[in-house]
Protein chains: 2
Amino acid sequence: MASIYEEMAEKTKEKIQQHFLQLLKEKNFMKVSVRDITEAAEINRGTFYLHYLDKYDLLDQIEAGLLEDLDKHLEQLKPDLLLEEAEKGRISMNAVEVFRYIQLNAEYFQIFLGENNHIGFHKRLKRFFVDHFVEKMMKNESFFKSASVPQDYLSSFATSAFLGLIEQWLENELAETPEEMAEMYIQIIFFIRNL
Amino acid sequence: MASIYEEMAEKTKEKIQQHFLQLLKEKNFMKVSVRDITEAAEINRGTFYLHYLDKYDLLDQIEAGLLEDLDKHLEQLKPDLLLEEAEKGRISMNAVEVFRYIQLNAEYFQIFLGENNHIGFHKRLKRFFVDHFVEKMMKNESFFKSASVPQDYLSSFATSAFLGLIEQWLENELAETPEEMAEMYIQIIFFIRNL
DNA sequence: TATACCAATCAACATAGTGTTGAGTGGAAT
DNA sequence: ATTCCACTCAACACTATGTTGATTGGTATA
């Protein structure tokens, strides 16, 4: 499988990504040039184009990889079970797992959701949460008893609220534990339920 | 005051802004060049630099003008009074006014909060709402009786929720009336109050 | 051992965008 | 008549982009 050529290419891609992220901490995506990246990574500029179409493609691949990885962590998060546990007053271990993942990759999330960057990831993450959480809950018909607010607004506002919680956490340099964040999350779940 | 020279300069700036916005509908901010703008506006490229430092400055000035204008509309929105009316089950005319403003400038908001653009405006608008709504409500001590969630998280998640509502409205091509949106807004206010 | 393979390098190219400058145009104000 | 001023025009040096063709130096294979 992993031939020495593939390993070499992978190592180069990792080096590119690593230095790209470093540059994104310093400045706006728009102001990071391919030249900047390849000089930082100490590779030939031509080599960059062997792996990526352009810097947009690079950004896209990193974002996609991050969300794909998050997906695996969320697979074990079962909304119905989560609610059940919340009703018992316990913090769902599953919810904790989500925040643990964000904590683990805080560097990425801080950059991609940060001040100077592209709005793409924000929208992408929002859509991700809609697909993984809210829509599943919506399908549970008994879940929303008195939906006086149209479903798409309900789901947009709930996911945005969730994202707002994450953004604040990242801004606070992750001062709270994943457990504490999960506790807040549970409260949001209850709110959505009773709206 | 408004000499013919100032009028001329203002007209040129408006022409620049108008064509810039048009280009932002077609493509990403990053991919819009000063050349694109000046060619569309049929002015000399040098003229652009008589008015703006660069395209970032142009974006910043438009955003700032939009928020300054929104500020005037929100000045007449008094949160305490708003809540009082909501308790009476009536829709606050003030809240309606906010959504009316967004409706009036939907084109701008759709572009600046849209898929391909800069995250700056999103953050800016969020901060704006925090400053204008939430923090004022927070200062009303009796307002939050049982704040089991830290205030910064509460405010981040409430404003994000509010923004989520607006974003969905814009995505829905403003299918709802400002009155209907205000009704949802009132529900959020009640939610925040009872959290 | 020869040779085919392959990631990465290097240098050069055409193209396009940036920000600045200095000279010039034409209508408006004094 | 002359000054003022927004705008035009052409040119400049500079940086970034994406592509190409030739080359290097390890690795695998017949």
Side-chain angles (χ1 to χ4, degrees), chain A residues 1-65 111 116-118 120, chain B residues 1-65 111 116-118 120:
Chain A
M1 256 287 132
S3 77
I4 195 144
Y5 297 120
E6 283 165 342
E7 270 176 35
M8 194 187 285
E10 204 48 52
K11 226 171 161 180
T12 303
K13 286 186 81 169
E14 272 167 27
K15 206 157 63 175
I16 289 172
Q17 293 195 6
Q18 177 201 322
H19 288 277
F20 175 58
L21 289 169
Q22 193 54 46
L23 285 164
L24 282 184
K25 284 185 198 168
E26 294 161 22
K27 51 184 169 180
N28 201 310
F29 170 76
M30 316 181 204
K31 299 218 167 167
V32 174
S33 68
V34 174
R35 200 177 221 93
D36 289 339
I37 300 164
T38 55
E39 274 176 8
E42 290 175 305
I43 58 159
N44 190 275
R45 197 166 60 84
T47 304
F48 178 91
Y49 292 102
L50 294 177
H51 299 287
Y52 303 101
L53 293 173
D54 49 32
K55 63 175 181 169
Y56 300 90
D57 184 44
L58 168 59
L59 182 66
D60 185 71
Q61 284 193 33
I62 297 177
E63 285 181 0
I111 291 168
N116 295 315
N117 281 302
H118 189 250
Chain B
M1 258 288 131
S3 78
I4 196 145
Y5 297 120
E6 281 164 343
E7 270 176 35
M8 192 187 288
E10 204 49 51
K11 226 170 162 179
T12 303
K13 286 186 79 169
E14 271 167 27
K15 205 157 63 176
I16 289 171
Q17 293 194 6
Q18 179 200 320
H19 288 277
F20 174 58
L21 288 169
Q22 193 53 47
L23 284 165
L24 282 185
K25 284 184 198 168
E26 294 161 21
K27 51 184 168 180
N28 199 312
F29 170 76
M30 315 181 204
K31 299 218 168 167
V32 174
S33 68
V34 173
R35 199 176 223 95
D36 289 338
I37 300 164
T38 55
E39 274 175 9
E42 289 176 306
I43 58 160
N44 190 275
R45 197 165 59 85
T47 305
F48 178 91
Y49 292 102
L50 294 176
H51 299 287
Y52 303 102
L53 294 174
D54 49 32
K55 63 174 181 170
Y56 299 90
D57 184 44
L58 168 59
L59 182 66
D60 185 72
Q61 284 193 34
I62 297 177
E63 285 181 1
I111 292 168
N116 295 316
N117 281 303
H118 189 250

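Just so it is clear, the model here is predicted, and its values are computed rather than measured.
Distance K27(A) NZ to dA16(D) P: 8 Å, rounded to the nearest Å. Going from atom CE of M30(B) over to atom C1' of dA16(D) covers 16 Å, rounded to whole Å. Summarising the geometry, the separation between OH on Y49(A) and P on dC13(C) is reported as 18 Å, rounded to the nearest angstrom. Between the CG atom of D36(B) and the P atom of dT18(C) there is a distance of 8 Å, given to the nearest Å. Atom OH in Y56(B) sits roughly 12 Å away from atom C1' in dG17(C) (whole-Å rounding). Distance CG (L50(B)) to C1' (dT8(D)): 10 Å, rounded to an integer number of Å. The distance between atom CG of D54(B) and atom P of dT20(C), rounded to the nearest whole Å, is 9 Å. F48(B) has its CZ atom 17 Å from the P atom of dA6(D), to the nearest Å.
Projected onto DNA chain C by closest heavy-atom contact, E42(A) and L53(B) fall at different nucleotides, the more 5' of which corresponds to E42(A). If you find the closest nucleotide of DNA chain C to R45(A) and to V34(B), the one lying nearer the 5' end belongs to R45(A).
For residues 46-56 of chain A, the pairs satisfying side-chain hydrogen bond (donor to acceptor under 3.5 Å, both in side chains) are Q17(A)-Y52(A), with sequence neighbours left out.
For the atom pair CG (D60(A)) and CG (L53(A)), the distance works out to 10.0 Å, reported to the nearest 0.5 Å. Atom CG in L58(B) sits 5.5 Å away from atom CD1 in I37(B) (nearest 0.5 Å). In this structure, R45(B) CZ and S33(B) OG are separated by 9.0 Å, a value rounded to the nearest 0.5 Å. The line from CG of L23(A) to CG of N28(A) is 12.0 Å long, rounded to the nearest 0.5 Å.
For L24(B) against V32(B), the heavy-atom pair with the smallest separation is CD2-CG2, 4.1 Å. Scanning all heavy atoms of the two residues, the minimum distance from I43(B) to F48(B) falls at CD1-N, 4.3 Å.
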Between the protein and nucleotides 23-30 of chain C, which nitrogen or oxygen pairs come in under 3.5 angstrom?
unit_1	atom_1	unit_2	atom_2	d
dG27(C)	N2	Y5(B)	OH	3.0

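Note on T47(A): a base of the nucleic acid sits closer than 4.0 angstrom, heavy atoms only.
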